[in-house]
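Inspection log for the structure reproduced underneath, given as structure tokens.
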Amino acid sequence: QVQLVESGGGLVQAGGSLRLSCAASGRGFSIAAMGWYRQAPGKQRELVAAVTGGGITNYADSVKGRFTVSRDNAKNTVYLQMNSLKPEDTAVYYCNLRTSRFVIYWGQGTQVTVSS
């Protein structure tokens, strides 16, 4: 199986920045895509940003121009650089991995809180 370890969440004031990291470990898998979802209280989990193995990125409209997703294939790690944070970005952020065999893995989630 695959284990995802997330880091970088925390408390930040509006307009500030955070950088999330997610490292995948395990054996016998190939990454088709990695990315980030988030879930705020009372809301459904939504895609924030993702990057495929071919380098194609996808962003939620609400974060375009503010967030950047990147990857380090050698480390099986995906990053989410979050700039110009807004209170509405407050949520639990979950790392997501999809393997080439279409198996989905989730991280445990990391809290991001943006104060006004």
Side-chain angles (χ1 to χ4, degrees):
Q1 289 191 328
V2 177
Q3 184 178 29
L4 303 177
V5 180
E6 300 154 318
S7 62
L11 175 65
V12 66
Q13 293 185 356
S17 298
L18 286 172
R19 181 178 172 89
L20 305 183
S21 299
C22 175
S25 62
R27 298 292 300 275
F29 72 97
S30 297
I31 298 173
M34 289 188 73
W36 297 91
Y37 288 69
R38 68 186 181 188
Q39 188 166 22
K43 300 181 68 176
Q44 286 191 292
R45 189 174 299 185
E46 64 174 350
L47 173 69
V48 178
V51 58
T52 70
I56 300 172
T57 58
N58 188 27
Y59 295 93
D61 288 342
S62 60
V63 307
K64 288 180 179 177
R66 299 188 298 120
F67 292 8
T68 302
V69 64
S70 60
R71 60 187 171 92
D72 185 335
N73 290 337
K75 297 181 178 180
N76 286 340
T77 299
V78 65
Y79 305 93
L80 185 66
Q81 179 66 46
M82 304 185 293
N83 298 326
S84 301
L85 282 161
K86 304 175 181 180
E88 51 261 44
D89 295 318
T90 296
V92 177
Y93 284 69
Y94 296 91
C95 182
N96 171 272
L97 182 153
R98 177 169 61 85
T99 74
S100 60
R101 297 174 66 89
F102 300 100
V103 178
I104 304 298
Y105 295 91
W106 293 96
Q108 80 282 0
T110 184
Q111 178 71 45
V112 172
T113 302
V114 184
S115 63
S116 60

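None of the values given here were measured: they were computed from a predicted structure.
Applying the ring pair (Phe, Tyr, Trp, His ring centres under 6.0 Å) rule to pairs touching residues 57-107 yields Tyr37-Trp106, sequence neighbours excluded. Legend: salt bridge (Lys or Arg N to Asp or Glu O under 4.0 Å) pairs involving residues 5-31, not counting sequence neighbours: none detected. The list of salt bridge (Lys or Arg N to Asp or Glu O under 4.0 Å) pairs with a residue in residues 45-54, not counting sequence neighbours, reads Arg38-Glu46.
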Tell me, with the steps shown, if Thr113 and Val12 meet side-chain contact (heavy atoms from CB on, under 4.5 Å). CA-CA 6 Å; Thr113 302; Val12 66; over 6 Å; no
Could you go through the side-chain contact (heavy atoms from CB on, under 4.5 Å) check for Leu20 and Met82 one step at a time? CA-CA 8 Å; Leu20 305 183; Met82 304 185 293; 3.8 Å; yes
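The line from SG of Cys22 to CG of Leu80 is 10.5 Å long, rounded to the nearest 0.5 Å. Ser25 OG to Asn76 CG: the interatomic distance, rounded to the nearest 0.5 Å, is 8.5 Å.
Minimum interatomic distance between Leu85 and Arg66 (heavy atoms only, all atoms of both residues): CA-NH1, 3.9 Å. For the pair Ala49 and Val69, the tightest heavy-atom approach, listed with the atom from each and the gap, is CB-CB, 3.8 Å. Contact between Gln108 and Leu4 at its shortest, heavy atoms only, is OE1-O, 3.7 Å. Among all heavy-atom pairs drawn from Ala24 and Met34, the shortest one is CB-CE, 4.3 Å. The minimum heavy-atom distance linking Leu47 with Ala60 is given by the pair O-CB, 3.3 Å. In this structure, Val78 and Cys95 approach most closely via the heavy-atom pair CG1-SG, 4.0 Å.
Looking at Asn96 and Arg98, their side chains never bring a donor and an acceptor atom within 3.5 Å of each other. Asn83 and Ser17 are linked by a side-chain donor-acceptor pair at a separation below 3.5 angstrom, with hydrogens and angles left out of the test.
Grouped with Leu11 in a hydrophobic cluster is no other residue, since no side-chain heavy-atom contact under 4.5 Å to another Ile, Leu, Val, Met, Phe, Trp or Tyr is found.
Val112 and Val92 are assigned to two separate hydrophobic clusters, defined by single-linkage of ILVMFWY side chains at heavy-atom distances under 4.5 Å.
For Gln39, there are no side chain to side chain donor-acceptor pair (under 3.5 Å) partners at least two apart in sequence or on another chain. When the salt bridge (charged side-chain N to carboxylate O under 4.0 Å, His left out) test is applied to Lys64, the partners found at least two apart in sequence or on another chain are Asp61.
Of the possible donor and acceptor atoms, one in the side chain of Thr90 sits under 3.5 Å from a partner among the backbone N and O of Val114.
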